[in-house]
S.K.: 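Could you have a look at this structure, given as structure tokens, before my questions?
Order of listing sets the numbers, starting from 1, for every ligand and every atom in it. It should be emphasised that the depicted structure is a prediction, and the values quoted were computed from it without experimental measurement.
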Amino acid sequence: MRTKRILSGIRTTGPLHLGHYFGALRNWVELQNSDEYECFFLLADIQALTTHFDRVAEMQTSMCEVALDFLAVGLDPGKSHFVLQSQVPELAELTMYFSMFTTLKSLQNNPTIKDELKKQKEVYYGFVGYPVSQAADILLFTTTPPRLGEKLLVPVGQDQVPHLESTRCTAQKFNSLYGETFVIPDTLIGEIPRLPGLDMQKMGKSADNAIFLKDDPDSIRKKVMSAFTDPKKIRADDPGHPDGCAIFQYYTALAPELMQDVETKCIAGELGCVADKKRLSEILIDFLNPIRERRQHFEKNPDIVNQAIRKGTERAREIAAITMKAVRSAMNIDYLDIFKT
Ligand code: TRP
């Protein structure tokens with residue numbers, strides 16, 4: 001039995017984009033294929049509710065989009081467990097216990113939460129508290145007895161690092177309050193932790209600046225043409241500044257072998273933005289074609305997808321039962337027939 005586990009997840013608020021791929025998914029597939037870990041990938045539909053609680057009609061479609069994207073990029077249900085968060089009720093229970101000793105201040109100081117709150121009109125309890133639920137997502141898989149010493153790696157993009165820090169604190173706090181129960185998880189950050197959106201802002205599903213993994217060649221060409229480039233480079237032979245250019249950042253991810261050439265020619269004024277964008281569009285199309293084809297294959301085979309989610313979620317619940325037993329016993333709440341007969 002493998003003693004090392006991988007756990008990561010994505011909020012199911014819509015189809016996944018290139019930022020997800022280079023920040024997380026690519027790494028997940030590699031770790032899965034190393035055959036060293038038992039891997040769990042969470043379809044975080046409860047966490048999606050923190051921002052979409054008033055749009056539940058969209059939720060099932062969004063969950064399906066993410067599940068298809070998982071399969072499309074090469075996550076393999078034969079090797080990895082796909083876990084549907086809402087169908088593991090133990091996660092809600094564990095979140096509740098953790099919330100007792102989590103300070104509001106620590107949540108309000110979380111840089112990712114701070115950043116995300118800027119876009120919201122109200123401060124919702126569930127939203128500010130989602131790092132607590134994320135700690136439960138992660139720590140549920142670090143069962144100690146009878147497997148003390150088990151390692152848990154959490155491969156994520158840069159924006160998730162504060163949540164991982166807070167998860168580690170939660171584990172330490174629980175252990176010091178109630179005795180050694182959880183293993184402290186390790187964070188693993190991808191090689192390209194943050195790929196900018198077409199406008200150089202953070203790539204986001206709702207920000208209208210994303211290239212989705214399911215985008216077809218025409219929309220890819222259109223989107224790339226509209227991308228932000230160096231505003232000082234007006235004519236093709238003006239010298240450019242690749243650092244502030246979204247297209248150049250995409251080369252780093254998609255075709256690092258061309259980077260040097262693009263950089264030198266752009267700076268020297270030998271490469272116009274239109275030509276550059278055309279070349280990048282074709283690279284991107286070649287890259288996304290097989291992913292889109294695999295996605296279509298699974299779209300036509302819903303049984304495979306259902307089965308993958310069912311099987312993965314069942315495995316998660318097996319582990320959840322073991323973890324919750326340890327948690328309740330550590331917290332002294334494992335009684336029902338407490339009165340002596
Ligand atoms: N916060 C992640 C996102 O925004 C989703 C997530 C939920 C997650 N639970 C997790 C990531 C556990 C890593 C580990 O997509």
Side-chain angles (χ1 to χ4, degrees), residues 5-25 27-28 31-32 37-52 59 62-63 65-67 69-70 73 75 80-88 90-92 94-95 98 107 110-117 119-120 126-142 152-171 182-190 193-195 202-207 210 213 312-313 316 319-320 323:
R5 284 184 182 153
I6 295 279
L7 173 286
S8 197
I10 289 188
R11 243 181 248 184
T12 59
T13 46
L16 304 183
H17 52 61
L18 278 187
H20 290 117
Y21 183 81
F22 288 105
L25 295 167
N27 218 1
W28 297 3
L31 290 161
Q32 161 198 271
Y37 309 92
E38 186 180 16
C39 299
F40 296 86
F41 299 111
L42 195 69
L43 297 151
D45 60 340
I46 298 284
Q47 195 176 108
L49 285 176
T50 60
T51 50
H52 287 58
M59 294 307 293
S62 300
M63 198 284 289
E65 297 276 15
V66 177
D69 284 328
F70 276 11
V73 298
L75 291 179
S80 295
H81 305 292
F82 292 9
V83 181
L84 184 53
Q85 190 185 28
S86 61
Q87 305 308 308
V88 185
E90 291 84 352
L91 288 172
L94 193 53
T95 303
F98 288 167
L107 296 168
N110 178 314
T112 299
I113 295 283
K114 267 192 190 165
D115 204 40
E116 290 171 324
L117 276 179
K119 292 174 241 153
Q120 290 174 31
F127 183 85
V128 222
Y130 89 72
V132 186
S133 127
Q134 190 154 331
D137 296 341
I138 296 168
L139 297 178
L140 189 84
F141 294 93
T142 72
L152 186 79
L153 287 184
V154 189
V156 285
Q158 190 76 46
D159 60 331
Q160 299 298 306
V161 172
H163 302 335
L164 262 298
E165 256 331 291
S166 115
T167 298
R168 292 162 59 85
C169 289
T170 302
F182 293 111
V183 176
I184 313 299
D186 293 311
T187 313
L188 206 69
I189 302 173
R194 179 168 282 181
L195 198 68
K202 184 180 177 189
M203 195 181 279
K205 290 173 210 174
S206 50
L213 300 175
T313 305
I319 293 167
T323 307

S.K.: Using the ring-ring contact (aromatic ring centres under 6.0 Å, His included) criterion, which residues pair with F82? Sequence neighbours excluded.
M.R.: F70
S.K.: Charged N to carboxylate O under 4.0 angstrom, K202 versus D159?
M.R.: yes
S.K.: Is there a donor-acceptor contact under 3.5 Å linking the side chains of S80 and Q32?
M.R.: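 Yes, side-chain donor-acceptor contact under 3.5 Å.
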S.K.: Taking salt bridge (Lys or Arg N to Asp or Glu O under 4.0 Å) as the test, write out the residues that go with D137, two or more places apart.
M.R.: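 For D137, no residue satisfies salt bridge (Lys or Arg N to Asp or Glu O under 4.0 Å) once neighbours in sequence are set aside.
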S.K.: Using side chain to side chain contact (heavy atoms under 4.5 Å, CB included) as the criterion, point out the one residue from I319, T313, I46, L94 that pairs with V88.
M.R.: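 Of the listed options, the one satisfying the test is T313.
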S.K.: Considering only distance and modelled atom types, tabulate donor-acceptor pairs under 3.5 Å from the side chains of residues 16-25, sequence neighbours left out.
M.R.:
{"residue": "H17", "atom": "ND1", "partner": "G19", "partner atom": "N", "Å": "3.1"}
{"residue": "H17", "atom": "ND1", "partner": "H20", "partner atom": "N", "Å": "3.4"}
{"residue": "H20", "atom": "ND1", "partner": "H17", "partner atom": "N", "Å": "3.1"}

S.K.: Between the protein and ligand 1, which nitrogen or oxygen pairs come in under 3.5 Å, and how far apart is each?
M.R.:
{"residue": "ligand 1", "atom": "1 (N)", "partner": "Q47", "partner atom": "OE1", "Å": "2.7"}
{"residue": "ligand 1", "atom": "1 (N)", "partner": "Q134", "partner atom": "OE1", "Å": "2.9"}
{"residue": "ligand 1", "atom": "1 (N)", "partner": "Q160", "partner atom": "OE1", "Å": "2.8"}
{"residue": "ligand 1", "atom": "4 (O)", "partner": "R11", "partner atom": "NE", "Å": "3.4"}
{"residue": "ligand 1", "atom": "9 (N)", "partner": "D137", "partner atom": "OD2", "Å": "2.7"}
{"residue": "ligand 1", "atom": "15 (O)", "partner": "R11", "partner atom": "N", "Å": "3.0"}

